[in-house]
Amino acid sequence: MAFAPMGPEASFFRVLDQHRVSLIESLKEGRGEGPRKEASSSEVLTSIENIIQEIITSLARNEAPFLTLDNRSNWENIKFEDSVGLQMIHHCTTKKIKSDSAQSAQRFALILKILSMIYKLVQSNTYATKRDIYYTDIQLFGNQSVVDNIINDISCMLKVPRRNLHILSTSKGLIAGNLSYIEEDGTKVNCTCGSTVVAVPSNIQGIRNLATDAKFLLIVEKDATFQRLLDDNFCNKLSPCIIITGKGVPDLNTRLLVKKLWDTFHLPIFTLVDADPHGIEIMCIYKYGSMSMSFEAHNLTVPTIRWLGLLPSDIERLNIPRGTLIPLTKRDQMKLDSILKRPYITSQPFWKKEMEIMAELKMKAEIQALTFISSDYLSRVYLPNKLQFGGWI
Amino acid sequence: MGCAGSPGPLVPGRRLRQPQSQPARPAPGHPAQPAGAPRRQGWPGAIRQRGARGERGCGWSCEGGPPPSGPASSGPAYPASAFASASASASASASVWSSGGRREKARRPRRERAEGAGAPSLGAGRRKGTRRSRALVRRRGCAGAGARRERRPRAEASAGSWAMEARAVCEILKYIIIHWKREAAEVSREAFLEGELFISIEEKSSKHQANPFHYVTAIAFTGSPADDFVTKQLLKEIQSLLSGFSGKLTWPSEEARCSQDLLASFQMKFEVDEKPANLMTDCLVIKQFLHKTSIVHPKVRFRLCVKVNGVLSEDTFGKEKEPVAKLLNGIGLLTNQHHYRRQGFSGARQVCSRIHPVLGHPVALVIPDEEPAMGVLGELTLTPAAALCPCHKLHPNQTSRISTASVFLYGPSGLPLTFPNQELQLTVFSDNSYLFDWKKYHLCAAPNSNVSLEEDVVLPDVSYCVESHDKSQPQDSEEQALLLFLMVDFHSGFPAQLSEAWGRQSLLLTHLNRILLENHSLVQDAVQGAVDQASRQPHRALEARQKVQASIPVAVSSILSVVAGSTNSGFRALCLQTLQAADTQEFGKKLHKTFQQTVCRRFLYPKKLLPEPSHTEEREDGEESLEEPLAESCCPGGAPSPKKCCPGEGLVRKAQAAGWPPLPGFREATQSSMATRAACPQAKGNGSPETLGEDTLWLQEVSNLSEWLSAGPGSGSGP
């Protein structure tokens, strides 16, 4: 790197380096299945044409056409693998989207509508965001989530990553630290420049010449915490490192970037999330993926991610004032119970223990609770200590 | 105070095709029945003749009084019908309260006018000026005066010349049912009445009879056992009840009754002289009354046998093991739709054979202060139940529109408040929108005059023709009838005496109009709630259809966009070839047409024909097993099994054992019924297309539900 601010002494990263070695060793055991082969434009076009042809054939036989989609929202169709996270099983159950049913006729039409738009995008080698598609006919689509869901369904149906459908999603993630790369259009990006941050690029597959000396990557759940760390000059104090935030539930590009950084550098990756069920859920999405996007798990999940903080056990250990804690709501409780039942929790006994502590306390804590100890406690004490002494699980 | 059963000045909703209710016209040349009206087989031609109104009074043989010299043939100042009704009314009042001599006096027109003038009438002045309304006001006033004198309801008052004997028979039946219901309520208020009621009308023309048209109506019923004292008392009460009617009531001697223990709870005979044409009307009225009563008393079997000129005609109501929806207080509702709609109404297409009533919330009606005559402690409630007929649940996507609305009014004990063939006294219903907010459904209503006594369906008290103003309504929507059952009841903490319970029936009808007026918004809200729920399915069907229709152009244009924009010549050629189109333009047209036809047809008539359920064993349990859940029930496919014992058999045995001659026509009826059953051992049920369809409906409902559940967006979090 051209510019490397002075960080802590080399001994500071001893445990981190050991952790990195162990991660690389575990990689040698191999992953069950590699990332899905990229689909070419002509393959995408052919897939769409096949679907249209089937519909026309149905009509010619006086049969109401339907589309068959994999059932993405059923846990029975999901399997868990340590090395991949949540992924769809090969012979999963499907659902029919019928053209002659009141419940699905509209969805059938909308899928065809978006398929025809994708067809044009691929044909013309142009890209559009999900938002662009929504704005082509707001009244027809109703809301953005309808478009998002249909695009995911199409991606799952055609077995083609979203990027290959020429549909982009607007990035909301931010990144800072010891990283530089060149975007698809040739733009050079250096994230090391002081307190400025860089937006996660929208074309992750197109970035090249990635370079970093970072010892670790820290995923920060919330933008506010991310900004606070930048203000506290965390990247320089613990240099070389990278911090990234998806601003809550991460978007696809942020997840893709984290995955790319892992695949490229095999950096130890840690998460800093609130000690609440929602924070744990976000961490699980980075680590194991989500059920609805399980068909893309190979391109999105990073099972080597570790939970750095804020741990529910830290509440007692650091004697965080009770007044800063928030009681768990019924919804929190339900979420916690649901996470505890997920297949990957059995392979994470320490996580389970932390969640049980939270359930027992019936309280949750935000990262900001640490500021009641000291305003820069997070960046000056909490994170350095955890990173130096291996306080992750 | 109006008299029970007197026709009101306004006739909302219906006009019965009943010749006797019309003002008297020259009889010759007037058709006996309306053209095209269904005729019963086996009825002698003689009874189809229409008798002149003035001919009725010739056979009066009421106990204790000589036949009156009826004024119906005189009275030039008034229309004959009005005069006849009024005179009957006056006669009825006087016959109960005073001697026969006074009764004769009471029939004088002057007396009648005087009573009418002094009596309060509810809404009487609305049609002043017509001869008809004047007569009606007088009739009501007359009975009101009588009632004030004795403070006792007079059901018999003001009976018109029409169906006079039918009224008497119906009054007897009502009294029996009230007695019966009271006794049953002592055990359980929620249990259905169980038993059998047999009515036989037989012509007794013999040389010993002075009148060649002498008819004997025999009534017997088996219900709760009663001791001698109660039986005797009840018969006496019934006799006093009938003092205003012609005819003679007799019952078996005590010796005959006591000789055997297998005796029907009550037996009596009612003898009357009647013109055959009037008899026909009487029989139709009785039949309608029985039918209307039977649909809410599902475990009571009513059998009506008429034997004239040696020809027997039989009707049975309350056949065993009919599906029932339990409403409230021991009142049920038969849900076979043939009770409410003519067969073959919607063609040969498979339809659900039942109605699925939605029970509304009971509302406590506020009795206006100015109704002191009510004088009844307790709460007056109205409970609506609504259903659509025919049920389209087998074709949930079939759009429908309400074409008629029928209102069935019931009073306490589940008894009809009005008589068939009687002009309705409840003028509130003349306001088409009293019960229904038609605008809410983009509908408008008008009174329906196409209601005939001779229908085999239960006649509504009020009927409306309904039309839709909704432009979005598909052209192929099927017609449905909205059925509304209004159950009016008293609730007090104490069991009512028989006379009290009887009185409530009449009091209720007299005052109900005013009460309903006062409680308009309450009643409409309650009715609207039930109707909204009942019409939810058709509303959903319309919405669903609109959704599917709206999705077709989007899908078609998307497909066309891909095909037209494709640079893959092989793909384009294949598409055009599949739809046999020469070019893209023709392809577009054919695609739209095919899509529209295929999807719409499949939407309306889904191809899901599911296998017959494997468990088709007969049910051995009682009728309870056929009780259906109210509302949203999905046509359970259980089929009634034929009863092992022949209906009415027990009653014949009892009658014979008691030494009484068998009830006229009863044996023939029973044998005929047995023969029918022997010829058709399997009741309509498991194997019938209707039942299969009901199972299909259930499975389709389940299938749709699972589809709906899985159709939603992923429940997983995150992208």
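Applying the 6.0 Å contact sphere to OH of A:Tyr344 captures more than 12 heavy atoms from other residues, nucleotides or ligands.
Looking at heavy atoms from C-beta onward, B:Thr578 lies in side-chain contact with A:Gln53 at the 4.5 angstrom threshold. Side-chain contact between B:Thr567 and A:Leu45 is absent, with no heavy-atom pair separated by less than 4.5 Å. Counting heavy atoms from C-beta on, the side chains of A:Asp100 and B:Val548 never come closer than 4.5 Å.
Interface residue A:Ile55: only side-chain heavy atoms are found under 4.5 Å from chain B. Interface residue A:Gln123: only side-chain heavy atoms are found under 4.5 Å from chain B. For a residue to count as touching a neighbouring chain, one of its non-hydrogen atoms must lie under 4.5 Å from one of that chain's; by this rule B:Ser557 does not touch chain A. Contact annotation for B:Val556: neither backbone nor side-chain heavy atoms come within less than 4.5 Å of a heavy atom of chain A. With a 4.5 angstrom heavy-atom cutoff, A:Leu140 touches chain B only via side-chain atoms.
For the pairing with A:Tyr119, the side chain to side chain donor-acceptor pair (under 3.5 Å) check across B:Ser558, B:Ser561, B:Ser566 returns one residue only, B:Ser566.
Interface summary for chain B: among A:Gly248, A:Ser338, A:Ser99, the most heavy-atom pairs under 4.5 angstrom belong to A:Ser99. Most heavy-atom pairs under 4.5 Å with chain B: of the set A:Lys113, A:Met117, A:Arg61, this distinction falls to A:Lys113.
In this structure, A:Ala102 and B:Ala544 approach most closely via the heavy-atom pair CB-CB, 3.1 Å.
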